[in-house]
Amino acid sequence: MPDIIQLLPDNIANQIAAGEVIQRPGSAVKELLENAVDAGATEIRLFVQDAGKALIQVVDNGKGMSETDARMAFERHATSKIRNIDDLFHIRTMGFRGEALASIAAVAQVELRTRRAEDEMGVCVEIENSRVIRQEPVAMATGTSICMKNLFFNVPARRNFLKSNPSEMRHIVDEFTRVALAFPAIFFSLSSNGQEMMHLEKGSLKQRAVQILGNSYASKLVSVQENTDYLNIYGFVGKPETAKKTRGDQYFFVNNRFIRSAYLNHAIMSAFTDMIPRDAFPLYTLFIDLDPQQVDVNVHPTKQEIKFEDEKIVYAFVQAAVKHALAQFSITPTLDFDLDPNIQRLDAISKPVSDEKKAEVTSSSLYKTFTQKNQAHLIEPTNKSELRHWKDFYEGPADKKTGYAAGGSASGAGSVSGVGSPGDSASSGDGATSGGSGAAGESWMTATPNRIMPIENAPLQQLLATYIVTPTNRSFILIHQQAAHERILYERYKEASIGQHIPSQKSLFPVTLTLGAPDAILLTELLPDLQPLGYSIEPFGKDSFIIQGTPGDTSQGNEKVAMESLLEQYKNFTSEIRFSRREKLIRSLARQGSIKAGTLLTEREMRTLVDGLFACAQHNVTPGGDPTYIEFKKDYVEKLFGR
Ligand code: ADP
Ligand code: MG
């Protein structure tokens with residue numbers, strides 16, 4: 001038998017390795033932008049065509065490369081940034097693994113032009129399938145331009161995996177935004193298909209943040225700034241009113257590197273406890289700078305995850321810093337200042353001041369610096385009950401948890417509320433059934449009368465400004481007004497998108513809407529689909545739009561807020577690949593436009609709602625699958641009474 005193991009040729013090995021680093025156009029954008037930052041550029045321009053699938057080009061005015069380096073740069077593990085493993089723990093650059101250019105050269109056609117200040121001429125190198133196919137001198141300004149064309153031209157399977165242009169463009173904008181936020185002293189621009197979409201002048205961090213988030217945020221950001229010997233934290237959190245229903249603008253940087261950390265995100269969320277609704281996401285752009293020795297940045301191929309030497313300290317610090325910021329700004333008179341119990345229990349936090357402890361921990365410089373300079377963790381707990389008004393303010397009087405149980409005995413109330421809560425409806429199929437699929441199946445297949453119908457002109461009673469109770473031909477039902485309205489709107493929009501369009505009502509005073517650049521790009525994509533739904537919106541200069549008209553039956557006056565929250569909703573769905581863009585838009589509009597729980601309704605409004613719901617093709621669930629009503633059949637209610 002012959003031996004069977006072979007070494008893979010370099011270009012194939014590179015293609016395989018590229019899979020880790022370059023998954024999509026956005027990942028190449030990230031790598032190229034970071035290289036330009038590492039090269040000390042003060043101006044960086046990104047050009048893409050066809051959402052990066054046809055072309056990605058980054059032009060910088062950084063330090064450039066020598067002729068030899070220009071060729072070397074494309075070798076795997078070729079880097080000027082580290083020389084040995086120790087260097088990894090002193091790293092101040094974005095790159096260090098020496099893989100990006102090698103990966104890019106393995107999966108795209110690349111042209112590099114570069115010149116150092118000290119060289120008279122620059123060099124142009126062209127590479128395909130990891131091989132230099134052309135090299136010649138060029139006259140050019142100092143800096144580097146890297147062009148990559150036809151990403152994955154030689155790996156069709158991966159090219160086929162790329163998403164639609166809008167979706168890939170979003171990834172690009174996200175990556176661009178992250179780098180641009182981290183380096184406000186650098187000018188950045190982004191052009192797509194020949195049109196400049198973002199133009200970010202050099203400025204302060206706050207200016208950069210506002211350029212990206214949109215002007216309206218200028219007065220809605222609270223500065224965070226705490227310094228210790230161990231780490232510094234700075235940046236912004238949004239005031240509670242900017243919290244959104246979707247995880248939108250949350251940026252966390254460690255030594256200027258954008259990272260994802262559910263753990264640290266939790267620290268920030270917890271600092272906002274009781275200031276924003278539980279299901280809302282605060283906005284933040286926070287930077288932690290600390291000794292690179294305290295972090296391992298090499299735990300993930302694209303470096304979006306890192307490992308802290310002592311994660312708990314960082315957690316406590318972040319949480320305390322954000323709480324401080326919010327308190328200093330008098331965002332709230334009564335802040336809850338106790339730390340997470342788990343953090344509190346840490347020695348470093350719970351025993352900071354006693355002398356013998358101090359002696360014990362002096363060996364830990366980390367602990368020392370954390371406690372010395374900044375006393376952020378030594379904050380007196382305050383009375384939690386003072387916080388209640390915040391909750392009331394945001395959640396309205398219809399507190400889901402206490403609403404049902406209010407009148408009953410402990411056990412009785414417990415079982416009723418258990419049945420009544422949509423989350424539990426699946427397990428309670430014996431009597432009180434939700435409008436969900438279980439109920440539908442039952443009602444159409446067995447019981448008499450088998451089709452549920454509300455009784456015409458029967459009284460309608462609104463409860464807790466959230467539910468409507470009304471008898472039906474076989475039971476009584478508790479309708480959730482928001483869920484029901486979402487269903488109605490969904491079916492209306494769905495119909496309008498395929499059939500008769502919803503007429504647009506011209507605004508008497510057309511409103512100008514100015515968005516952050518990423519949102520502006522998103523809205524531009526959605527405009528054609530918004531038209532049939534009655535929204536007449538026109539681009540109006542950079543990142544601005546004029547809302548000329550809205551669907552006939554929407555109230556005028558809050559178009560702006562409605563549009564903004566529509567975009568927020570939409571982003572909620574961006575990862576849902578099973579939905580088309582139009583479906584996502586319709587779902588977002590329905591959700592965003594539905595009357596909210598907590599809104600008092602007139603008799604007439606209730607009537608319209610109930611009739612509208614039962615006129616729907618599918619009336620028992622929201623588009624997202626939650627029940628629109630819960631049905632209480634007599635048998636079941638009798639059982640509850642022990643009859
Ligand atoms: P890494 O950034 O991890 O070192 P890359 O493959 O991204 O690896 O780049 C390889 C090397 O090429 C870098 O270390 C740097 O010396 C050089 N290089 C890449 N891009 C640029 C640029 N825009 N300007 C100057 N040098 C660059
Ligand atoms: Mg790099």
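Heavy-atom basis, side chains included; hydrogens, waters and symmetry copies ignored.
To the nearest 0.5 Å, atom NE2 of residue His324 and atom CZ of residue Phe317 are 10.0 Å apart. Interatomic distance, Phe236 CZ to Lys220 NZ, rounded to the nearest 0.5 Å: 15.5 Å. Taking CG of Leu112 as the reference point, atom CG of Leu101 lies at 7.5 Å (rounded to 0.5 Å). From Thr285, atom OG1 reaches atom CG of Leu221 across 7.5 Å, with rounding to the nearest 0.5 Å. Put simply, OG1 on Thr142 and NZ on Lys63 are 13.5 Å apart, with the number rounded to the nearest 0.5 Å. Atom CE of residue Met169 and atom CE of residue Met197 lie 6.0 Å apart, to the nearest 0.5 angstrom.
Counting heavy-atom neighbours within 6.0 Å of Arg159 CZ, excluding the residue itself, gives a total above 12. Within a 6.0 Å radius of CG in Leu7, no more than 12 heavy atoms belonging to other residues, nucleotides or ligands are found. Within a 6.0 Å sphere centred on CZ of Phe161, other residues, nucleotides and ligands contribute 12 heavy atoms or fewer. By the neighbour-count criterion of 12 heavy atoms within 6.0 Å, atom NZ of Lys81 is densely surrounded, having more than that number from other residues, nucleotides or ligands. More than 12 heavy-atom neighbours from other residues, nucleotides or ligands sit within 6.0 angstrom of NZ on Lys542. With a 6.0 Å radius and a threshold of 12 heavy atoms from other residues, nucleotides or ligands, Glu136 has its CD atom above the threshold. The neighbour count for Lys206 NZ, taken as heavy atoms of other residues, nucleotides or ligands under 6.0 Å away, is above 12. Within a 6.0 Å radius of CD in Glu120, no more than 12 heavy atoms belonging to other residues, nucleotides or ligands are found.
A 4.5 Å side-chain heavy-atom check between Phe47 and Val59 finds at least one atom pair inside the cut-off. The closest side-chain heavy-atom distance from Val314 to Tyr263 is not below 4.5 Å. For the pair Ile288/Phe252, a side-chain contact is recorded, criterion being any heavy-atom separation below 4.5 Å from C-beta on. Between Lys303 and Phe258, every side-chain heavy-atom pair lies at or beyond the 4.5 Å cut-off. Counting heavy atoms from C-beta on, the side chains of Leu264 and Ile268 never come closer than 4.5 Å. Side chains of Gln294 and Asp310 form no contact here, defined as non-hydrogen atoms less than 4.5 Å apart. Residues Tyr570 and Leu589 are not in side-chain contact: their nearest non-hydrogen atoms beyond the backbone lie 4.5 Å or more apart. Put simply, the side chain of Glu175 does not reach to within 4.5 Å of the side chain of Leu33, judged on heavy atoms.
Of all heavy-atom pairs spanning Ala108 and Leu151, the tightest one is CB-CA, 4.1 Å. Across Asn14 and Ala106, no two heavy atoms sit closer than the pair CB-CB, 3.5 Å. When all heavy atoms of Ser544 and Thr514 are compared, the closest pair comes out as OG-OG1, 3.0 Å. Scanning all heavy atoms of the two residues, the minimum distance from Val58 to Ala36 falls at CG1-CB, 4.3 Å. In this structure, Ala271 and Gln319 approach most closely via the heavy-atom pair CB-O, 3.7 Å. The two residues Met72 and Ala78 make their nearest non-hydrogen contact at O-CB, 3.1 Å.
When the side-chain contact (heavy atoms from CB on, under 4.5 Å) test is applied to Ala54, the partners found at least two apart in sequence or on another chain are Gln49, Asp50. The side-chain hydrogen bond (donor to acceptor under 3.5 Å, both in side chains) check on Thr302 picks up His300, with sequence neighbours excluded.
Put simply, the side chain of Arg208 gets close to the backbone of Leu200: a donor and an acceptor are under 3.5 Å apart. Of the possible polar contacts, none joining the Lys307 side chain to the Asn298 backbone as a donor-acceptor pair under 3.5 Å is found. Although no hydrogens or angles enter the test, the distance criterion places no donor-acceptor pair under 3.5 Å between the side chain of Asp119 and the main chain of Met121. In this structure a side-chain-to-backbone donor-acceptor pair under 3.5 Å is present from Asp60 to Thr144. Not one N or O on the side chain of Asp69 forms a donor-acceptor pair closer than 3.5 Å with the backbone of Met65. Proximity of a side-chain donor or acceptor of Arg24 to a complementary backbone N or O of Leu162 within less than 3.5 Å is not detected. A donor-acceptor distance shorter than 3.5 angstrom exists from the side chain of Asp38 to the backbone of Gly95, with no hydrogens or angles considered. Using a distance-only test at 3.5 Å, with no hydrogens or angles considered, a donor-acceptor pair links the side chain of Asn84 to the main chain of Asp86. The backbone N or O of Lys202 sits nowhere less than 3.5 Å from a side-chain atom of Gln207 that would complete a donor-acceptor pair. Remark: side-chain polar atoms of Arg257 are paired, donor with acceptor, to backbone N or O of Thr93 under 3.5 angstrom.
One side chain, Ser145 or Gln57, offers a donor N or O that lies under 3.5 Å from an acceptor on the other. Between the side chains of His199 and Glu201, at least one donor N or O sits under 3.5 Å from an acceptor N or O. Side chain to side chain, Gln109 and Asn150 meet the donor-acceptor criterion of an N or O pair below 3.5 Å. A donor-acceptor contact under 3.5 angstrom links the side chains of Asn61 and Thr42, judged on distance only. Side-chain contact annotation: Gln592 with Glu568, donor-acceptor N/O pair under 3.5 Å absent. For the residue pair Asn227 / Tyr234, no side-chain donor-acceptor distance below 3.5 Å is found, with atom types taken as modelled.
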Tell me, with the steps shown, if Asp10 and Arg76 meet salt bridge (Lys or Arg N to Asp or Glu O under 4.0 Å). CA-CA 9 Å; Asp10 270 355; Arg76 192 133 53 103; 5.4 Å; no
What's the verdict on side chain to side chain contact (heavy atoms under 4.5 Å, CB included) for Val179 and Ile44, showing C-alpha distance, side-chain angles and the deciding distance? CA-CA 11 Å; Val179 179; Ile44 300 176; 6.0 Å; no
Under the criterion side chain to side chain contact (heavy atoms under 4.5 Å, CB included), I'd like the reasoning laid out for Phe308 against Tyr315: C-alpha separation, chi angles, the key distance, then a yes or no. CA-CA 10 Å; Phe308 290 100; Tyr315 181 104; over 6 Å; no
Show the numbers, then the answer: is there a side chain to side chain contact (heavy atoms under 4.5 Å, CB included) between Arg71 and Val123? CA-CA 10 Å; Arg71 294 176 68 116; Val123 59; over 6 Å; no
Given Thr524 and Ile521, is the side chain to side chain contact (heavy atoms under 4.5 Å, CB included) satisfied, shown in steps? CA-CA 5 Å; Thr524 309; Ile521 294 171; 5.5 Å; no
Kindly indicate, with the supporting measurements, whether the criterion salt bridge (Lys or Arg N to Asp or Glu O under 4.0 Å) is fulfilled by Glu583 and Arg587. CA-CA 6 Å; Glu583 177 71 17; Arg587 283 175 181 243; 2.7 Å; yes
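We find that Arg134 and Glu126 are joined by a salt bridge, their nearest charged nitrogen and carboxylate oxygen being less than 4.0 Å apart. A salt bridge links Lys30 with Glu34; the closest basic N to acidic carboxylate O contact falls under 4.0 Å.
Each of Val297, Asn255, Asn256, Asn35 was scored for a side chain to side chain contact (heavy atoms under 4.5 Å, CB included) with Met94, with one residue passing: Asn256.
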